[in-house]
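Just so you know, these numbers come straight off a predicted model, no measurement behind them.
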Amino acid sequence: MQNEHTILTDGERKLLDALPWAAVVLDDRGMITDSNEVWDQAVGQPHWVFPDRAATDYFEHCAGNVAQGNDYALRLLFSIQEVLEGIHQKRELKVDGMHPGSDESYRITITSLQKRQPAVLMTLTNMEIRKKPASLSGDRHQKSPESEMYFSQTVLNSIPGIFLVINEELQLVKWNQQLNHELGYKDGELHQLNMIELLGRDDKEWVQNVLEHIFVTGSGNFTAGLQPKGEGVRPYHLYFNRFRIENRSFLAATAADKTGHLVVQMEKERNYELMSQLFENSPLAIIMIGPDGRVIKANRGFEDLFGYKNRELTGKNINPMITEEEYLEEAEEINREAFGRVSHQIKTVRRNKRGERIPVILNTVPIYHDENLIALFGIYVDMRKQVSLERSLQRTIAEKDTLLQEIHHRVKNNLAVVVSLLDLQILQEENREVTEKLSEVSSRIHAIAEIHESLYQARSIVMVDFGQYLKSFNHKFHGFPQVDFQLESTEDLGHSFHLNMNQAVPLGLVIHELIRFSKKNNLFEPGTIRIRLSRRGLETEITIRGLRIFSEKTLRDKQHTYQYMLLKTFLQQIDATISKVGQPDEILIRFKRNDKLRGTNNALL
């Protein structure tokens, strides 16, 4: 389009129309003086860059968009004014979302035109809107395109990227400075070359045929290698458009370096190949399912696990094929949630083609493209070996539990035999002092035997119900005061108070020695001995009421006795402290619960 205020020559407008992207010329007042066919086709489309068809004041158009809060329009307005005022010779802006709902970005280039009055050339590249193939013909008398008067070098240099013009003999007629810069040739050298001589060896013949065809059809584009001076071939994508002057045909061409694009494309293809190999060669069974729930493809691992070939699976709903009736609703729900962007990992059961049940772990992995969920990976981990191993381990553990239970029972029985032998010896012994010593030993052994009896009866390997163990004191200590057991705790323990056997044995012996020590030294109150258990987290407390063993005289007189040494040793084994609290007959034992089983620790040695 041109209006009465045009500032381009007829030849320059021909070149403007030959560009494959939208281009417009603005004067120093922001008025549109010239535009090419691609711009004219885009005018009126629902995007802020393009004004209405009747609009000629581009500054006013941008200002209207700025008033609506468009930051891009404000940046564009400032950039145009900076180039018009000579602050910059060239400005570029990257703008995202060329079309509504599109993620595509494009570039706006604003370049100064050295005309009688300030003006700028604005081009938009990477646009979806391309010029329709057409020849650009003109009947008006024009000067030869080889003439400097026809082609303004300023206009050529304003075009982003490489731009060149060739005649029907494929000779270079005109070019911009970007061609010199990128290919390294001087103007004098380019005057001696034709288009084919700029190409790499492998592209010369076929490109010549294509260019001859474009002179007939009017437009075309392709990727070929251009030969920079003294360097290797570099890939470029070239767009050609034909125009005619004085019945002579020319091709205007733009060239974009595709080296970076090809590297990215090759990397994408390499990553795709790696992912494809990972999919195909994975030992796991993997299947790809589309949004309609039907199979897109399956890998060899899936074929081996379930016995179906790809041709039997493709386009089918996989769930009825490998899922039993009782799991079918679960499988369909997993599919629905997975396409709702909820990943799953679940232990379940599937069946193969022969109807055999296979325990699996099913993982769902969503596949995204441009933030859209397009498919789903179903990954099946065969758990048959693991299930078999778990069952074997469970049998082994059960056998070991049974063996340990039998060991506890036999230890208890053997200790009972020792106690019986000691009781027989006591019956035969006439020395009262020896009888008392043997009775003490028998009582201690009996206390240990009771721990093993508790473990056996409770069917536990290492944990002792200590409350139940203490209740056995009521009928095991003949001639002793009645023992009243009370359980208090801040934890939800019910009616149980369990301790690791490494703590239960020393603690039981501590209480045993305290009761015997009190009995022997007449330090207990008449009536009942009360024992209260409480726990706060790991902190455990045993409160005994009815014993009066903590007095200065008692400590002074008994601290070197064998019985006092045993008491001290058993307390050290569980890192416990003992003290007098509250009432004179109240004793507090405090220690930290430890459920970790450790080896034997003989602190008596």
Does CD in Glu231 sit with more than 12 non-hydrogen atoms of other residues, nucleotides or ligands closer than 6.0 Å? yes

Taken to the nearest 0.5 Å, the spacing of Ile379 CD1 from Ile287 CD1 works out to 12.0 Å

Is it true that, when you exclude Glu329 itself, more than 12 heavy atoms of the residues, nucleotides or ligands shown sit nearer than 6.0 Å to its CD? no

State whether the side chain of Asn299 and the backbone N or O of Ile286 hold a donor-acceptor pair below 3.5 Å, judged by distance alone. yes

Under 4.0 Å between a Lys/Arg side-chain N and an Asp/Glu carboxylate O for Arg270 and Glu273? no

By side-chain contact (heavy atoms from CB on, under 4.5 Å) - contacts of Leu373 (at least two apart): Phe339, Arg341, Pro366, Tyr368

Can you give me the closest heavy-atom contact between Ala119 and Ile7, atom names plus distance? CB-CD1, 3.1 Å

Worked check of side-chain contact (heavy atoms from CB on, under 4.5 Å) between Asn209 and Glu212: CA-CA 5 Å; Asn209 294 331; Glu212 291 173 356; 4.2 Å; yes

Nearest 0.5 Å, please: how far is CG in Leu313 from CD1 in Ile296? 12.5 Å

Between Arg351 (side chain) and Thr323 (backbone), is there a donor-acceptor pair under 3.5 Å? yes

May I ask you to test the Leu26-Ile32 pair for a side-chain heavy-atom distance under 4.5 Å? yes

Is the shortest heavy-atom distance from the side chain of Val360 to the side chain of Val381 under 4.5 Å? no

Sub-3.5 Å donor-acceptor pair from the side chain of Asn180 to the main-chain atoms of Tyr185, do we have one? yes

Could you check if a side-chain atom of Lys297 sits within less than 4.5 angstrom of a side-chain atom of Phe279, using non-hydrogen atoms only? yes

Output the distance between atom CG (Asn176) and atom CG (Leu164), rounded to the nearest 0.5 Å. 8.0 Å

If we only count heavy atoms from C-beta on, is the Leu238 to Met195 side-chain gap below 4.5 Å? yes

What's the separation between atom CZ in Phe377 and atom OG in Ser282, rounded to the nearest 0.5 Å? 10.0 Å

Atom CZ of residue position Phe78 - does it have more than 12 heavy atoms of other residues, nucleotides or ligands inside 6.0 Å? no

Under a 4.5 Å cut-off applied to non-hydrogen side-chain atoms, are Tyr72 and Ile108 in contact? no

Mind listing the closest non-hydrogen atom pair of Ala375 and Met288 along with its distance? CB-CG, 4.0 Å

Are Val24 and Tyr58 close enough, and set up right, to give a side-chain contact (heavy atoms from CB on, under 4.5 Å), and what steps lead you there? CA-CA 10 Å; Val24 65; Tyr58 198 73; 5.9 Å; no

Can you check whether Glu37's main-chain N or O pairs, donor with acceptor, with Asp17's side chain at less than 3.5 Å? yes

Given the rule in the side-chain contact (heavy atoms from CB on, under 4.5 Å) test, do Phe306 and Ile318 qualify, once you have shown the distances and angles that lead to the verdict? CA-CA 11 Å; Phe306 292 101; Ile318 191 61; over 6 Å; no

Find the distance between OH (Tyr327) and CZ (Arg350) and round it off to the nearest 0.5 Å. 8.5 Å

Provide the full list of salt bridge (Lys or Arg N to Asp or Glu O under 4.0 Å) pairs with a residue in residues 186-204, sequence neighbours left out, each pair given once. Glu189-Lys229

Candidate pair Ile358 and Tyr380, rule side-chain contact (heavy atoms from CB on, under 4.5 Å), full reasoning: CA-CA 10 Å; Ile358 303 175; Tyr380 297 83; over 6 Å; no

Could you walk me through whether Arg300 and Glu303 satisfy the salt bridge (Lys or Arg N to Asp or Glu O under 4.0 Å) test, starting with their C-alpha distance in whole Å, then the side-chain angles of each, then the deciding distance to 0.1 Å, before giving a yes or no? CA-CA 5 Å; Arg300 285 193 292 269; Glu303 293 179 350; over 6 Å; no

Residue pairs passing the salt bridge (Lys or Arg N to Asp or Glu O under 4.0 Å) test where at least one lies in residues 277-289, sequence neighbours excluded: none

Could you tell me which non-hydrogen atom of Tyr236 sits nearest to which non-hydrogen atom of Glu182, and how far apart they are? OH-OE1, 2.5 Å

Output yes when a side-chain donor or acceptor of Glu82 lies under 3.5 Å from a complementary backbone atom of Gly86, and no otherwise. no

Are the side chains of Thr109 and Trp21 in touch, meaning some heavy atoms are under 4.5 Å apart? no

Minimum heavy-atom distance between Arg384 and Pro359, given as atom pair plus value: CG-CD, 3.5 Å

Parallel, tilted or perpendicular: ring planes of Phe222 versus Phe240, cut at 30 and 60 degrees: parallel

For residues Leu198 and Leu190, determine if any side-chain heavy atom of one lies less than 4.5 Å from a side-chain heavy atom of the other. yes

Taking the side chain from Asn372 and the backbone from Ile374, do they hold a donor-acceptor pair closer than 3.5 Å? no

Working to the nearest 0.5 Å, report the span between CG of Leu183 and CG of Leu226. 5.5 Å

Residues forming a side-chain contact (heavy atoms from CB on, under 4.5 Å) with Glu168, sequence neighbours excluded: Phe215, Ser249

Can you name the residues that form a salt bridge (Lys or Arg N to Asp or Glu O under 4.0 Å) with Glu60, not counting sequence neighbours? none

Which atom names give the shortest non-hydrogen contact between Glu326 and Arg357, and what distance separates them? OE2-NH1, 3.9 Å

In the structure I gave you, are the side-chain heavy atoms of Leu16 and Trp39 within less than 4.5 Å of one another anywhere? no

Look only at the side chain of Arg242 and the backbone of Ile214, and say whether a donor-acceptor pair between them is shorter than 3.5 Å. no

Who pairs with His237 by ring pair (Phe, Tyr, Trp, His ring centres under 6.0 Å), at least two apart in sequence or on another chain? Tyr239

Keeping His88 on the side-chain end and Ser112 on the backbone end, is there a donor-acceptor pair under 3.5 Å? no

Given 3.5 Å as the limit, does a donor-acceptor pair link the side chain of Asn65 with the main chain of Asn70, or not? no

Quick one: does Asn310's side chain have a donor or acceptor within less than 3.5 Å of a partner on Ala298's backbone? yes

For the residue pair Asn281 and Gln277, confirm or rule out a side-chain donor-acceptor distance under 3.5 Å. no

Could you pull out the closest heavy-atom pair between Asn194 and Gln171, with the gap in Å? CB-NE2, 3.7 Å

